[in-house]
Amino acid sequence: MSLSALHIYNEEWDRRLHEVQVSKGDLNRLIMDYLVIEGYKSAAEEFAQEAGVVPPVDFESIESRMKVREALQRGDVEDAIVRVNELNPQILDTNHALFFHLQQQKLIEYIRQGRVLEALQFAQEELAQLGEHSPEFLSELERTMSLLAFEHSTSTPSAIADLLSPAQRMKTAGEVNAAILESLDQGKEVKLVQLVKLLSWGQGTLKEHAEFPKVRDIGFS
Amino acid sequence: MSPSTDSDDDGNVSPPPSESPVISVASPDQPMKLPTRWNDECRHQSLNLSENGRELSYQGPNSNGDGAAAAARSIQSIPPACGVYYYEVEIHSKAQTANISVGFAGPDVKLSRLPGWEPLSWGYHGDDGSSFAAEQNGTPYGPTFGLGDVVGAGIDWATNRAFFTKNGTFLGSVFHNVGKGVDVYPSVGLQHVGESVKVNFGHEPFKYDIDYHVQQQRQQTWTTLMSQKLDPRLFRADDDGTEEEIAPLMSEVSEEQSKQTVNKLVLSYLAHHGYVKTARAFQKQTRDAVEERTSVDDDIEMDDVPGPSTSSSSSFPTSKLEADIELRTRIVNSVLCGDIDSALSETRKHYSGTLEAEEGLMLVKLRCRKFVELVLETAELEKKMKAAKAKEEASAPEMDGIEEDGMGMDVDDEMISASPIANGSNGVSLLSSDYEAALNAALTYGKTLDQDFKATKSPEAKNIFIQTFAILTSSDPLSAGGAIAEVAGHDARVKLANELNQAILRSQGRPTHPALEMMYRQTAVCLLQLGLARVGAAAFANMQKEFIDA
């Protein structure tokens with residue numbers, strides 16, 4: 001294997017960068033994709049106006065999706081479930097993992113609020129039977145219930161304490177968001193994020209084959 | 001991948017344009033030439049090659065067990081940038097199990113041996129169904145093959161693994177590091193008289209559904225690429241340029257971190273192009289989101305109390321950017337509403353160098369616009385004045401109305417008698433003095449402009465002057481149409497506002513392209529280069545398809 005250390009100098013590299021075909025319109029659509037999927041409704045509306053980009057969905061659907069997310073982020077799981085069902089009752093019917101995670105989140109919120117009796121009752125009546133069908137659900141349920149054991153304790157193991165973190169709410173919200181997008185036949189992966197990933201992989205892999213000017217620190221240029 | 005099935009409908013073959021000099025620099029070979037026939041120069045003497053270069057038949061003495069054989073290779077090596085390579089051979093033999101090997105080989109492998117026996121060769125053997133990669137006894141792999149069978153051999157360049165098929169059935173991935181760092185060719189080997197193979201390098205449809213295979217590979221590769229860990233260096237500034245040797249300072253990029261970075265990319269893109277309202281709305285929403293998230297640990301009931309904005313600005317440091325956008329918005333808006341003086345003075349004050357760049361081109365443009373605005377103002381006043389005059393004259397129909405012929409004709413008499421005459425005439429005289437003042441101002445400004453820039457050598461500036469002064473030929477430039485309206489109309493303001501925005505960014509040493517755009521370009525060039533560096537996975541990362549067309 002002859003790994004000739006190919007060296008591509010700035011001038012040559014710049015020329016190639018310049019030759020890449022991409023228009024402002026293309027990039028505008030990437031931005032719109034991001035605003036829509038991440039639910040920045042008013043920004044998406046402004047952007048449709050200012051940049052003349054046709055949004056891929058109607059703005060109302062963004063709004064209702066965001067209402068679901070907001071409900072989860074403030075801990076109102078019941079409201080989120082009602083709203084998801086209003087959007088499309090099939091979503092929770094068909095996606096068992098999603099339904100379980102929403103119920104789990106509800107349990108977490110009970111525990112967070114110190115409503116121990118309700119938590120126990122809810123776990124036994126609603127969640128236990130879901131857990132019977134899947135060992136994965138069951139172990140998740142057990143992990144969640146152990147929050148009760150560590151109540152008000154500073155020694156709670158982090159794997160368990162994480163359940164009470166904002167990240168857990170975001171995770172559940174993200175899962176629901178993706179499921180709704182999927183039900184709308186819309187891409188659920190943000191293209192901009194994919195682009196960042198592709199750059200990360202592309203640059204990292206090419207580094208093994210050649211010397212070339214790299215992009216760093218993309219958020220601060 | 002075959003030459004015939006994929007060239008048109010599959011996007012993963014990304015042959016770099018052959019006329020591009022880029023390719024020749026990195027790879028002197030033409031990277032996407034595919035094998036089309038067996039090589040007359042690269043075949044054992046015991047093999048007879050048909051006229052069309054597709055059929056090989058064994059002529060020599062039967063070789064039994066002494067390790068002798070007769071092999072051949074194709075004329076072209078396989079370009080890894082094709083993503084998946086595949087070909088098929090039809091077996092002619094007297095027996096159900098042929099002493100034939102179908103596979104691949106490097107350029108220097110002995111032609112007196114079956115593919116798979118020698119280093120840098122890989123083969124699937126018909127007599128025992130075993131796979132061989134530089135081994136004498138083989139590894140159990142698939143069924144035996146012989147008379148009438150169609151055997152396919154492929155390489156998945158994303159993984160550098162091979163696969164074989166028999167009569168259209170996939171037999172599984174096999175071998176590792178196939179073609180890694182070495183050119184490989186389709187290669188077959190025969191041992192018995194009466195046995196022959198006819199190759200299909202894509203000349204006709206394949207038995208195996210290679211399109212489906214390609215799709216699967218693409219999907220898998222894309223999923224793999226998308227689940228790679230992010231390079232932390234994309235998310236933080238390095239202190240110096242020697243980042244290569246330094247162990248990663250930060251091993252993982254958190255979701256929150258990458259999200260914030262993408263938010264910054266979006267915001268700077270919006271700011272760059274001056275999508276101000278969008279940027280505002282976006283900033284407000286991201287800030288609200290951060291507040292909402294950070295407030296979770298606090299009392300739940302607190303969430304309709306607006307959080308102190310200072311807490312959020314620490315996690316989302318955009319105050320400087322915000323101030324910059326605000327200022328540039330103000331300047332851009334000034335241009336948009338025709339207030340060129342404000343735009344000029346603010347630009348001069350906050351973004352020195354902007355107006356002077358390129359021999360003062362921006363200054364020329366702005367001052368010309370100022371002149372256009374003055375002329376438009378004059379035209380507007382003139383219109384009003386004429387209208388008022390017409391009204392006045394119509395209200396006194398007995399007076400000489402000749403000069404305003406036709407104007408009074410439609411006016412209803414009763415309406416006229418109701419209109420206060422004194423007021424009207426007062427309005428007209430006021431308007432006409434306004435008009436005169438405006439006209440004078442416009443003409444004076446035009447003269448100064450002419451004087452100030454008389455000496456300019458720049459052809460672009462001269463052109464702008466000519467176009468600008470052309471609007472004087474029309475009394476109503478906005479409805480004149482054509483080139484005049486183009487200079488006078490609102491679109492011209494929009495265009496100028498954009499140009500000023502770009503000029504300001506440039507003067508600040510800010511990139512002329514947004515970071516997002518540079519990121520896209522960088523990624524595209526990396527992928528192209530990876531294709532040339534024989535990294536097959538790059539063939540499946542089709543940016544056009546993933547980011548633009550979809």
Minimum side-chain heavy-atom gap V525(B)-V20(A) below 4.5 Å = yes
ask   = Any donor-acceptor pair under 3.5 Å linking the side chain of T278(B) with the backbone of F47(A)?
value = yes
ask   = Would one find more than 12 heavy atoms of other residues, nucleotides or ligands at under 6.0 Å from atom CD of Q228(B)?
value = yes
inquiry  = Is any side-chain heavy atom of W201(A) closer than 4.5 Å to one of L530(B)?
reply    = yes
ask   = If you measure from SG on C526(B) to NE2 on H209(A), what distance do you get to the nearest 0.5 Å?
value = 11.5 Å
ask   = Roughly how far apart are L234(B) CG and S200(A) OG, rounded to 0.5 Å?
value = 5.0 Å
Contact list for residues 532-543 of chain B, test salt bridge (Lys or Arg N to Asp or Glu O under 4.0 Å), sequence neighbours left out = D183(B)-R534(B)
request  = Please confirm whether the backbone N or O of M226(B) pairs with a side-chain atom of K197(A), one donor and one acceptor, at under 3.5 Å?
outcome  = yes
key: Residue from L17(A), V215(A), D14(A) passing side chain to side chain contact (heavy atoms under 4.5 Å, CB included) with R521(B)   = L17(A)
query = Any side-chain heavy atom of L198(A) within less than 4.5 Å of one from F547(B)?
reply = yes
inquiry  = Show, in sequence, the C-alpha distance, side-chain angles and deciding distance for Y40(A) and N263(B), and conclude whether the side-chain contact (heavy atoms from CB on, under 4.5 Å) test is met.
reply    = CA-CA 11 Å; Y40(A) 296 111; N263(B) 278 349; 3.7 Å; yes
ask   = Atom CG in L267(B), atom CD1 in I31(A): separation rounded to 0.5 Å?
value = 9.5 Å
request  = Among the options D231(B), V262(B), L270(B), L527(B), pick out the one with the most heavy-atom pairs lying under 4.5 Å from chain A.
outcome  = V262(B)
ask   = Of the non-hydrogen atoms in Y34(A) and V266(B), which two are nearest, and what is the gap between them?
value = CD2-CG2, 3.6 Å
message = Heavy-atom pairs under 4.5 Å with chain B: which of N28(A), V190(A), I8(A) has the most?
response = N28(A)
query = For L30(A), is it the side chain, the backbone, both, or neither that has a heavy atom closer than 4.5 Å to a heavy atom of chain B?
reply = side chain
key: Intermediate values then yes/no, salt bridge (charged side-chain N to carboxylate O under 4.0 Å, His left out), E38(A) and K259(B)   = CA-CA 10 Å; E38(A) 289 296 309; K259(B) 193 174 174 140; 2.8 Å; yes
query = Hey, is CD on E63(A) packed in by over 12 heavy atoms from elsewhere, all under 6.0 Å?
reply = yes
task = Starting from the C-alpha separation in whole Å, work towards a yes-or-no answer on side-chain contact (heavy atoms from CB on, under 4.5 Å) for K24(A) and Y269(B).
result = CA-CA 10 Å; K24(A) 189 171 165 186; Y269(B) 180 85; 3.8 Å; yes
request  = Pick one of side chain, backbone, both or neither for V535(B), based on which atoms fall under 4.5 Å of a heavy atom in chain A.
outcome  = side chain
ask   = After noting the C-alpha distance and the side-chain angles of S42(A) and Q285(B), does the key distance pass the side chain to side chain donor-acceptor pair (under 3.5 Å) rule?
value = CA-CA 8 Å; S42(A) 55; Q285(B) 276 181 294; 3.0 Å; yes
key: Contacting moiety of Q522(B), where chain A heavy atoms sit under 4.5 Å   = both
query = Where on Y275(B) is there a heavy atom nearer than 4.5 Å to chain A: the side chain, the backbone, both, or neither?
reply = both
key: Top contributor to chain A contacts, counting heavy-atom pairs under 4.5 Å, from A541(B), S258(B), A281(B), A537(B)   = A281(B)
ask   = Side chains of L195(A) and M543(B): does their closest heavy-atom pair fall under 4.5 Å?
value = yes
message = Set out, in order, the CA-CA distance, both residues' side-chain angles and the distance that settles side-chain contact (heavy atoms from CB on, under 4.5 Å) for I548(B) and R29(A), then state yes or no.
response = CA-CA 8 Å; I548(B) 307 288; R29(A) 280 194 300 280; 4.2 Å; yes
message = Evaluate D26(A) against Y520(B) for side chain to side chain donor-acceptor pair (under 3.5 Å), listing each step before the verdict.
response = CA-CA 11 Å; D26(A) 295 337; Y520(B) 188 97; over 6 Å; no
request  = For the residue pair Q194(A) and E546(B), confirm or rule out a side-chain donor-acceptor distance under 3.5 Å.
outcome  = no
inquiry  = Do L532(B) and L6(A) make a side-chain contact, defined as non-hydrogen atoms from C-beta onward lying under 4.5 Å apart?
reply    = no
ask   = Are more than 12 heavy atoms from other residues, nucleotides or ligands located less than 6.0 Å from atom CD of E118(A)?
value = yes
